[in-house]
Chemist: 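What follows is a structure written as structure tokens; I'll ask about it next.
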Amino acid sequence: MKIRVLSLFLFLTLCQVHSLFAQRPIGTNPNQARNRELVNQEGEEEELEGRRTLLDDSTKQVYGPKTSLYYFEKDIKRNNLILYPQDTSLTNFHNYDPVSKSGWKYQDLGNIGSASKSVYYQIPEVIGTRSGYSAYDLYYQSPENKKYFDTKSPFTEMSAFFGGGNRNMLDIAFARNINPRWNVGFDFHTIKARKTLNPVARDDNMVEQTSYSLHTNYRSENGKYWFLGNFSRMRHKVNEIGGIIPPEIDSTSVYFTYEDAKVWLRNTQARDLRQDYHFYHEYKVEDGLQIYHVFDRRSQDMTFETNLLTDDSNYFPSARLNDQDTISRNFNEFKEFRNEVGFKGTFGGFFYNAYGKFRTGRMKNKFFDEDDKFNEVYLGGQLIGKISDKWSLTADGEYLLPGAYRLHGVFVSPWLEVEYTKALYKPTSVQQIYRGNFYQWENDFDNTGVDQVKGTVILNFDKIRLRPSLTINRVNNYIYFNEDRVAAQNSGEAFMLMPGLIANFQIGKKFRWDNELIFTQVTGAGSDAFRIPKFYANSKFYFDSPAFNENVFIQMGIDFRYKSDYYADAYFASTQQFNIQNDFNIYAYPVVDVFLNFRINRTRVLFKYNHLNAGMMNQEGYFVTPDYTGYKSFLDLGITWYLFD
């Protein structure tokens with residue numbers, strides 16, 4: 001019945017769209033591209049396998065996705081400016097929230113904006129001291145990854161996503177050129193996601209986020225000086241639920257009742273407040289030589305608060321280490337300053353870069369005897385040799401005085417890509433010292449070492465694209481949170497063998513089938529610290545074609561995702577950390593979604609029906625984290641549109 005209702009709804013929507021087009025003229029529509037189009041520095045467009053534009057020259061508008069371009073700081077820093085047009089692609093547009101955008105390679109608590117962690121081991125980007133409070137990193141964009149714009153007209157991007165069960169997101173971006181060399185703009189994002197488990201009112205939200213950033217870029221008239229700067233702020237508030245009370249603890253508690261579930265927490269809240277000031281500027285001394293400076297001032301305030309005079313107290317250990325028996329409040333403040341100064345340029349066809357960097361900061365908690373401070377000095381550099389557009393070799397390294405380092409190399413050819421990383425990185429601040437009302441520790445952990453090799457073979461045929469790959473990790477002295485929910489270090493080595501395959505097929509002229517498979521085998525004395533499913537699969541079969549006399553572009557199909565069973569990490573609210581456990585098996589369960597994405601001019605619309613196969617399986621539903629269920633069946637819809645004036 002659900003399938004029939006959804007099909008009828010989609011049919012009526014398309015009929016309405018066709019009716020609208022019969023009543024009004026069509027504006028400019030850029031060529032559809034399945035991958036992001038690139039525009040080089042000279043403004044020449046790299047042509048992709050595209051389709052005809054919707055307008056003839058008599059009605060063509062001047063401004064559009066290819067006149068409001070953006071770029072990234074990392075490309076400026078490497079003397080390799082790439083200008084990107086606005087993305088009007090429909091591929092994966094229905095996967096709009098951060099976890100689904102990752103290909104479901106993150107584990108969360110079954111709601112947008114909830115605490116999350118990568119399913120797979122990741123090497124940290126910073127080899128020095130980090131805060132360690134990373135549960136909400138997925139919902140925050142680091143300042144060095146912000147977009148900077150070069151717009152020929154005022155540009156606005158607006159996106160609104162309305163998820164079933166009142167899970168909503170709103171994104172607004174604006175940019176404009178003050179003059180051809182100076183651009184300013186801002187981004188604004190919100191998340192309001194009602195609890196999927198035991199909400200008591202329409203606005204009983206689990207997650208409320210407000211974040212924004214202000215950005216500017218400027219280039220001098222002679223082109224020698226370039227400045228990029230931004231300020232970012234995120235306030236992420238989570239009303240914790242603690243998961244469903246297990247039936248073996250409360251016989252009246254039942255899994256998969258969703259709105260009627262019995263949960264642990266009703267009066268507990270976590271907040272993550274982040275503020276970043278970041279700028280990059282460089283000056284061209286002469287041909288082949290520039291000097292540059294990067295500055296960061298970052299702060300992260302983590303607050304946890306619970307009312308122990310309510311039933312919430314049953315969720316926590318009985319011990320009270322800070323004599324807080326009523327309102328238990330824990331506040332951690334992490335701050336850091338970073339200054340990086342270096343020189344760079346090109347010589348003999350090679351790009352080179354050398355720098356020195358100084359980081360200083362501290363973690364503050366009123367229960368610490370003194371602040372946990374750090375001062376770190378780095379030396380680093382990079383060398384890139386680009387033999388041609390298809391052949392390149394990159395080598396970079398960084399050394400933290402003393403005892404930590406990162407070496408990294410990438411080889412790229414038309415048929416093979418190989419990447420190698422060797423690193424020794426420091427523990428996080430929260431792994432070294434923590435003072436809470438329920439747990440406390442103070443450690444002197446060794447640095448963690450890792451060797452990682454990734455290789456991908458590139459095979460392109462007429463209608464088939466194959467990317468077989470192999471990743472090998474060797475990790476020693478890995479730090480994690482154990483079954484007792486405290487930080488621990490595993491002195492043994494863990495070895496991860498991860499063959500994978502990406503396979504994309506064009507079937508006829510209008511159908512596509514995209515697949516990704518990963519197998520993971522973890523061995524060695526340190527393997528028990530890693531909980532990774534052996535099999536991961538993500539598959540999508542869809543119709544992809546213009547319709548209604550090429551006035552509408554459509555993608556419609558099914559999404560399938562699967563992980564084999566494994567003992568996924570549990571989440572504990574007061575420490576805001578995931579920890580290993582051996583009691584709750586996240587059993588294997590395939591999840592099927594159906595979707596419709598379509599584009600009219602520059603406006604994209606999505607309809608997505610989550611968990612189509614609910615009620616058709618042996619199990620009543622699925623889990624994403626111990627005691628946290630995944631989505632039930634509901635409909636999402638979203639819209640993104642651009643304005644260029």
Side-chain angles (χ1 to χ4, degrees), residues 1-18 32-36 87-106 108 110-112 159-169 171 193 196 502 504-508 510-516 537-548 552-562 589-600 602-617 621-622 624 630-641:
M1 178 62 69
K2 293 178 180 177
I3 300 175
R4 293 175 182 173
V5 172
L6 179 63
S7 300
L8 178 61
F9 177 74
L10 297 181
F11 176 76
L12 292 175
T13 300
L14 289 177
C15 290
Q16 181 65 25
V17 169
H18 185 267
Q32 181 179 6
R34 293 191 181 94
N35 298 309
R36 174 182 292 160
D87 184 13
T88 58
S89 170
L90 292 176
T91 302
N92 282 324
F93 180 56
H94 59 284
N95 289 325
Y96 61 91
D97 69 272
V99 172
S100 60
K101 276 184 179 180
S102 74
W104 305 96
K105 293 178 182 176
Y106 275 78
D108 67 355
N111 207 344
I112 297 174
S159 300
F161 302 101
F162 306 99
N166 257 1
R167 301 155 32 258
N168 304 321
M169 297 173 60
D171 301 329
T196 56
I502 294 176
N504 299 330
F505 303 92
Q506 179 79 44
I507 303 174
K510 296 185 177 182
F511 290 90
R512 292 180 61 87
W513 185 27
D514 299 339
N515 305 274
E516 183 176 9
N538 199 348
S539 183
K540 179 174 60 182
F541 182 80
Y542 56 102
F543 171 86
D544 180 19
S545 176
F548 301 102
V552 183
F553 292 92
I554 296 174
Q555 285 188 358
M556 179 171 56
I558 61 171
D559 247 336
F560 165 91
R561 62 183 184 274
Y562 171 85
Y589 186 98
V591 182
V592 178
D593 304 330
V594 295
F595 65 90
L596 167 65
N597 302 325
F598 63 88
R599 177 165 62 84
I600 308 170
R602 299 155 182 163
T603 301
R604 293 178 290 173
V605 179
L606 72 87
F607 294 96
K608 176 181 177 181
Y609 191 77
N610 295 269
H611 198 184
L612 177 71
N613 56 316
M616 305 178 188
M617 312 297 294
Y622 67 102
V624 291
Y631 290 149
K632 66 173 185 176
S633 297
F634 45 58
L635 181 69
D636 296 345
L637 93 94
I639 182 170
T640 294
W641 65 99

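Remember, predicted model here, so these are calculated numbers, not experimental data.
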Chemist: Which atoms form the tightest heavy-atom contact between Leu90 and Phe553, and what is the distance?
Modeler: CD1-O, 3.3 Å
Chemist: Please list, chain by chain and in numerical order, all residues satisfying side chain to side chain donor-acceptor pair (under 3.5 Å) with Tyr589, sequence neighbours excluded.
Modeler: His611
Chemist: Do Lys540 and Glu516 meet the salt-bridge criterion of a basic N to acidic O distance under 4.0 Å?
Modeler: no
Chemist: Heavy-atom distance under 4.5 Å between the side chains of Tyr562 and Asn538, does that happen here?
Modeler: no
Chemist: Can you name the side chain to side chain donor-acceptor pair (under 3.5 Å) partners of Ser539, sequence neighbours left out?
Modeler: Trp513, Asn515
Chemist: A side-chain contact here means heavy atoms from C-beta on lying under 4.5 Å apart; do Met617 and Pro590 qualify?
Modeler: yes
Chemist: Is NZ or CZ of Arg604 both nearer than 6.0 Å to the six-membered ring centre of Phe93 and within 45° of the ring axis?
Modeler: yes
Chemist: Is it true that the side chains of Tyr631 and Asp593 contain a donor and an acceptor less than 3.5 Å apart?
Modeler: no
Chemist: Heavy-atom distance under 4.5 Å between the side chains of Tyr609 and Ser633, does that happen here?
Modeler: yes
Chemist: Grab the two heavy atoms, one from Asn95 and one from Lys101, that are nearest each other, plus how far apart they are.
Modeler: O-CG, 3.0 Å
Chemist: Is the shortest heavy-atom distance from the side chain of Leu596 to the side chain of Ile554 under 4.5 Å?
Modeler: yes
Chemist: Going by the rule ring-ring contact (aromatic ring centres under 6.0 Å, His included), which residues pair with Phe161 if we only count those two or more places apart in sequence or in a different chain?
Modeler: Tyr96
Chemist: So, the side chain of Arg599 versus the backbone of Thr88: is there a donor-acceptor pair under 3.5 Å, distance only?
Modeler: yes
Chemist: According to side chain to side chain contact (heavy atoms under 4.5 Å, CB included), who are the partners of Ala160, at least two apart in sequence or on a separate chain?
Modeler: Phe162, Leu170, Ile639
Chemist: With sequence neighbours left out, write down each residue that passes side chain to side chain donor-acceptor pair (under 3.5 Å) with Tyr622, or none if nothing qualifies.
Modeler: Arg561
Chemist: Check ring-ring contact (aromatic ring centres under 6.0 Å, His included) between Phe511 and all other residues, then give those that pass, not counting sequence neighbours.
Modeler: Phe541, Phe543
Chemist: Taking all atoms of both residues into account, what is the closest heavy-atom pair of Lys510 and Gln506, and its distance?
Modeler: N-NE2, 4.0 Å
Chemist: Does a donor on one side chain sit under 3.5 Å from an acceptor on the other, for Asp559 and His94?
Modeler: yes
Chemist: side-chain contact (heavy atoms from CB on, under 4.5 Å) for Val594 and Lys608? Distances and angles first, verdict last.
Modeler: CA-CA 6 Å; Val594 295; Lys608 176 181 177 181; over 6 Å; no
Chemist: Rounded to the nearest 0.5 Å, what separation is found between the CG atom of Asn92 and the OG atom of Ser100?
Modeler: 8.5 Å
Chemist: Taking atom OH of Tyr542 and atom CG of Asp514, what is their separation to the nearest 0.5 Å?
Modeler: 4.0 Å
Chemist: Hey, what do you get for CZ (Phe595) to CE (Met556), rounding to the nearest 0.5 Å?
Modeler: 9.5 Å
Chemist: Please name all residues satisfying side chain to side chain contact (heavy atoms under 4.5 Å, CB included) with Lys632, sequence neighbours left out, ordered by chain then number.
Modeler: Tyr258, Glu259, Phe634
Chemist: Identify the two heavy atoms, one from Ala193 and one from Asn111, that lie closest to each other, and give their separation to 0.1 Å.
Modeler: CB-OD1, 3.5 Å
Chemist: Return yes if some donor-acceptor pair links the side-chain N/O of Asn597 with the main-chain N/O of Leu606 below 3.5 Å, else return no.
Modeler: no
Chemist: Residues two or more places apart in sequence or in another chain: which of them pass salt bridge (charged side-chain N to carboxylate O under 4.0 Å, His left out) with Asp636?
Modeler: Arg167
Chemist: Can you list everything that forms a side chain to side chain donor-acceptor pair (under 3.5 Å) with Asp108? Sequence neighbours excluded, please.
Modeler: none
